[in-house]
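A short worksheet on the structure shown next.
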Amino acid sequence: MNYFVLADCNNFYVSCERVFNPKLEGKPIIVLSSNDGCVVARSQEAKKLGIKMGEAFFQVKDLCSRHKVLVFSSNYQLYGDMSQRVMDVLSEMAPEIEIYSVDEAFLKYPGTIPSHEMYSICEENRRILKRWVGIPISFGIAPTKTLAKVANDLAKKNRDIGIFNLSDPVEREKILQKYPIGEVWGIGGRLRARLQALNIFTAGDFCKMDPVIVRRKFGVVGERMLWELRGVSCLGLAKSAPKKSITFSRSFGRAVTEKEELAEALATFVSKACIKLRSQKGCAKAMYVFLESQLSSKEFVRQQFSAAVDFPMPTNDTPQMITAAKECLTQLFQENQRYKKCGVILLDIIPEAQVAPDLFLGGLNQKRSHLMHTVDAVNARFGKQSVFFGAMGVNTPWTGRIANRSGYNTTSWNRLPIAKTSTPQTRVNSRKSSTTFFA
DNA sequence: TCTGGGGTCCTAGGACCC
DNA sequence: TCTGGGGTCCTAGGACCC
């Protein structure tokens, strides 16, 4: 038996904002999604005010201004960079690691370590991460990944300690008996409803079910969940694998009606998706292009139009894909539509090395491939979009709202925080904080 | 006025093959 | 009269995750 430990950063995006602006400690803070659409992260103080995850911002705006909630637009460059730092440190700490999301990782330790010692290891890891990176983190310890998720959830409920050990089977049984089934990792709204209809309300109830029946009613996924909750590990650490599909899409800041603007947006998304594709040394066999328009301003209903292209040879060539995306746009575009969003998805991605030369088309175009890699190298060295394709346009009138974005404290020399030494205590201030109070 | 963005896995059913 | 059986691949859709 091994230990699975789920390390999960507390209120990650909020914590990232706080690292470079300590004045934010103890204040209610929320971070919004792209386009300042809805709430994607909340500090404890904001949670206490009743602001829900995923709630539309305009619906809580008044509440925010009444309680002086600090509102940030999302700053993915900052969060991505901070995530990298956290994961680097965690990788040093554990024998094995699976980076599960931007703010979570599963760690695996050998079962020979005594349970109480696992606890001490996590205490130490927590202390180091806070000190080295500045991000508070919680640990859940258990014999399976699903139980580690439960343990982490319990750790978060007592964040001063921030660690919960669910290794002891007797104690575990008592806890699972009270743990709502809908909170279990892998149980969404639909499955919860189906389980409740069978009088299964807690993880403990579920554990008592017959595996054969669970298999029949809920498939392999259900049965796996059952054994995991019973303490039998079915899910190992996933190896980091190249993406099988890459999506790039955005909602617009306003309705877009011009075909040219859509073409520029699509070219931009294709270009970004291709950079990601080449960075994992992949080629896509197909591309899917979609546009979304709003049916009416009263109801939140969107209509989607899509087209797909199969490439004669798998490719990662940006100009070729931009051309293909433009052809899709021509098929899809309708005058007098008010488009709110568009995007591209690169599909059926295979490793570059596996692209078989075609009898008639030949192999990958070496010259073009070299050009693409040179463009990527220039942009990596001199900053994003030092070189870009004309088709992407320069005005980007379609970009979304980002009213309150913090600085690029970790990724731009011009935005480094300044340490003031004139005051008795050294304080770190962000030079150009665009934080605003809604007052 | 205003509601994000990016993924994965599994299953069922149809097409097709021998 | 009587119409097999087994396998693979592909796709769409469902469900879930952060």
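Labels below follow one simple rule: chain letters A, B, ... track the order of the sequence lines, proteins then strands, and each chain is numbered from 1.
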A/Trp398 and A/Phe252 aromatic ring geometry - parallel, tilted or perpendicular at 30°/60° bounds = perpendicular
message = When the C1' atoms of C/dG4 and B/dC16 are compared, how many Å lie between them, rounded to an integer?
response = 16 Å
Contacts under 3.5 Å, N or O only, protein and nucleotides 10-16 of chain C:
{"residue": "C/dA15", "atom": "OP2", "partner": "A/Arg190", "partner atom": "NH1", "Å": "2.6"}
{"residue": "C/dC16", "atom": "OP1", "partner": "A/Gly188", "partner atom": "N", "Å": "3.0"}
{"residue": "C/dC16", "atom": "OP1", "partner": "A/Gly188", "partner atom": "O", "Å": "3.4"}
{"residue": "C/dC16", "atom": "OP1", "partner": "A/Leu191", "partner atom": "N", "Å": "2.7"}
{"residue": "C/dC16", "atom": "OP2", "partner": "A/Arg190", "partner atom": "N", "Å": "3.3"}
{"residue": "C/dC16", "atom": "O5'", "partner": "A/Gly188", "partner atom": "N", "Å": "3.4"}
{"residue": "C/dC16", "atom": "O3'", "partner": "A/Gly186", "partner atom": "O", "Å": "3.3"}

remark   = Symbol by symbol from the 5' end, with Watson-Crick or G-U pairs under 3.5 Å, [ ] crossing and | another strand, DNA chain C is ....||||||||||||||
inquiry  = Please enumerate all residues that pass side-chain hydrogen bond (donor to acceptor under 3.5 Å, both in side chains) together with A/Gln337, with sequence neighbours excluded.
reply    = A/Ser293, A/Gln334
ask   = Can you pull the side chain to side chain donor-acceptor pair (under 3.5 Å) pairs that have at least one residue in residues 269-292 of chain A, sequence neighbours excluded?
value = A/Arg278-A/Thr318, A/Arg278-A/Asp376, A/Tyr288-A/Ser306, A/Glu292-A/Arg302, A/Glu292-A/Gln304
key: Salt-bridge contact A/Asp81-A/Arg85 (side-chain N to carboxylate O under 4.0 Å)   = yes
What side-chain donor-acceptor pairs closer than 3.5 Å can you find for residues 236-244 of chain A, not counting sequence neighbours?
none

Out of C/dC18, B/dG6, B/dT8, whichever nucleotide has its closest atom nearest the side chain of A/Lys244 = B/dT8
Salt bridge flag under 4.0 Å for residues A/Lys157 and A/Asp153 = yes
key: Contacts of A/Glu124 that satisfy salt bridge (Lys or Arg N to Asp or Glu O under 4.0 Å) - sequence neighbours left out   = A/Arg127
inquiry  = Does B/dG5 have its OP1 or OP2 closer than 4.0 Å to a side-chain nitrogen or oxygen of A/Lys276?
reply    = no
